[in-house]
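Please read all numbers here as calculations on a predicted model, not as lab measurements.
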Amino acid sequence: MSELIARDFFQRDPVTCARELIGCELVWNDCAGIVVETEAYAAVGDEACHTFMRPSARAFVASHRAGAAYVYMNYGVHWLLNVLVKGNEIGSVENSGNPSKNDGFVLIRALEPTRGIEKMRGRRSLVDLKNVKKNAHPLRALCAGPGRLAQALGVRGADHGRDLCADENVGFLPRENPVKIARDIRIGISKAAHLRWRFLLKNSLFISVVPKKTT
DNA sequence: ACACGGATACTA
DNA sequence: AGTATCCGTGTC
């Protein structure tokens with residue numbers, strides 16, 4: 001078993017981190033999956049980022065290190081898993097108390113399940129067999145979407161703030177093979193919707209929404 | 001197409 | 001306390 005990705009990986013800007021996480025393996029206790037879809041959110045200047053409207057999100061950035069899990073409930077139904085990135089953290093002596101340029105989040109949007117598939121199936125029950133579309137991979141419905149993958153892995157509010165670079169039970173493993181990456185506009189947002197900050201493993205059968213253009 | 005339902009940040 | 005909004009999903 002190889003080493004988890006270290007903190008300096010997340011001490012880069014959110015777009016770079018989102019792109020570089022594609023092909024890495026997310027380990028979550030007894031489950032794991034290859035990251036096949038991510039989105040970047042910038043803590044400054046990005047209206048779609050929580051930091052734009054939420055003081056609590058800005059406080060989170062100020063009080064946590066790069067690599068912390070930012071977990072929140074969306075639409076009252078689903079937990080969503082993000083990773084805090086702080087591109088200006090290297091060399092900074094103390095936190096200024098506010099997010100800065102190159103800080104932000106990476107939303108983990110889809111996984112190709114690799115370990116703990118029966119556990120995931122149990123948490124996702126009811127739906128995973130029934131919801132398989134024609135020609136879809138039978139495991140696609142487990143983790144294709146940020147709410148689905150959080151449910152499959154058992155991510156909860158209690159995981160908010162957890163350090164993904166310290167706890168060996170949760171974190172990311174480096175890529176084992178070269179990957180081809182596609183990019184597209186972000187999903188499901190109304191503000192700053194033109195930014196092409198969604199990254200995908202090209203030709204993956206496990207992504208949530210197929211991009212219109214593949215680049 | 002539409003319901004589901006909770007955390008957060010507003011208005012008073 | 002009441003209201004608007006939100007980085008989705010499953011079922012209608």
Side-chain angles (χ1 to χ4, degrees), chain A residues 10 13-15 17-19 21-22 26 33 35-64 68-85 98-99 103-111 113 120-134 136-162 164 182-200 206-212:
Chain A
F10 301 103
D13 71 274
V15 175
C17 288
R19 184 177 59 240
L21 275 176
I22 299 296
L26 171 60
V35 177
V36 298
E37 181 177 345
T38 60
E39 283 177 359
Y41 290 85
V44 174
D46 178 7
E47 288 190 70
C49 189
H50 277 189
T51 50
F52 196 83
M53 284 300 293
R54 298 188 182 192
S56 59
R58 294 192 286 274
F60 182 91
V61 174
S63 61
H64 291 77
Y70 180 81
V71 178
Y72 77 99
M73 172 151 288
N74 188 266
Y75 294 107
V77 188
H78 302 107
W79 296 107
L80 269 59
L81 173 64
N82 300 255
V83 186
L84 173 63
V85 306
N98 273 315
D103 292 348
F105 300 96
V106 178
L107 172 65
I108 311 299
R109 285 194 54 92
L111 303 175
M120 296 189 197
R121 218 196 290 275
R123 294 194 191 98
R124 293 270 302 137
S125 59
L126 293 180
V127 231
D128 58 334
L129 293 177
K130 203 166 127 190
N131 201 29
V132 175
K133 291 182 183 171
K134 231 179 178 176
H137 191 286
L139 298 180
R140 195 198 85 101
L142 285 180
C143 295
R148 289 168 173 164
L149 81 84
Q151 184 184 30
L153 297 178
V155 175
R156 302 173 294 125
D159 298 305
H160 189 50
R162 205 161 163 188
L164 303 185
R183 66 187 293 173
D184 192 31
I185 58 172
R186 296 180 292 186
I187 297 286
I189 55 173
S190 54
K191 294 169 184 174
H194 63 288
L195 297 172
R196 296 173 66 244
W197 285 0
R198 185 166 74 116
F199 295 91
L200 304 126
F206 298 89
I207 62 178
S208 67
V209 178
V210 176
K212 286 157 193 144

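By the stacking rule of 5.5 Å between ring centres and under 30° between planes, A:Y41 stacks on the base of C:dC7.
Look at NE2 on A:H50: it is 13 Å from C1' on B:dG6, rounded to the nearest Å. Separating the CD atom of A:E37 from the P atom of C:dC7 is a distance of 15 Å, rounded to the nearest angstrom. Regarding A:N74, its CG atom lies at a distance of 15 Å from the P atom of B:dG5, rounded to whole Å. As rounded to whole Å, 14 Å separates atom C1' of C:dT5 from atom CD1 of A:I189. Between A:R156 atom CZ and B:dA7 atom C1' there is a gap of 17 Å when expressed in whole angstrom units. Nucleotide B:dA7 holds its P atom 16 Å from the CG atom of A:D159, rounded to whole Å. Taking atom CG of residue A:L80 and atom P of nucleotide C:dT9, one finds them 7 Å apart after rounding to whole Å. One interatomic measurement links the two molecules: NE2 of A:H78 to C1' of C:dT5, which rounds to 17 Å at whole-angstrom precision.
Between A:H50 and A:Y70, the side chains place a donor N or O and an acceptor N or O closer than 3.5 Å (distance only, hydrogens not considered).
Heavy atoms of A:Y72 sit under 4.0 angstrom from at least one base atom. If you check every strand for non-hydrogen atoms under 4.0 Å, A:S208 touches nothing.
For A:S56, counting side-chain heavy atoms from C-beta on, the closest listed nucleotide (B:dT8, C:dG10, C:dC6) is B:dT8. The side chain of A:L107 lies closest to C:dC7 when the candidates are C:dC7, C:dT9, B:dT8.
A donor-acceptor pair under 3.5 Å is absent between the side-chain atoms of A:S208 and the main chain of A:G145, judged by distance alone. In this structure, the side chain of A:R58 engages the main chain of A:T51 through a donor-acceptor pair within 3.5 Å.
Two residues, A:L149 and A:R54, neighbour DNA chain C, and the one matched to the more 5' nucleotide by heavy-atom proximity is A:R54.
A cation-pi arrangement is absent between A:R109 and A:F199, since the terminal nitrogen or guanidinium carbon is not both under 6.0 Å from the aromatic centre and inside a 45° cone about the axis.
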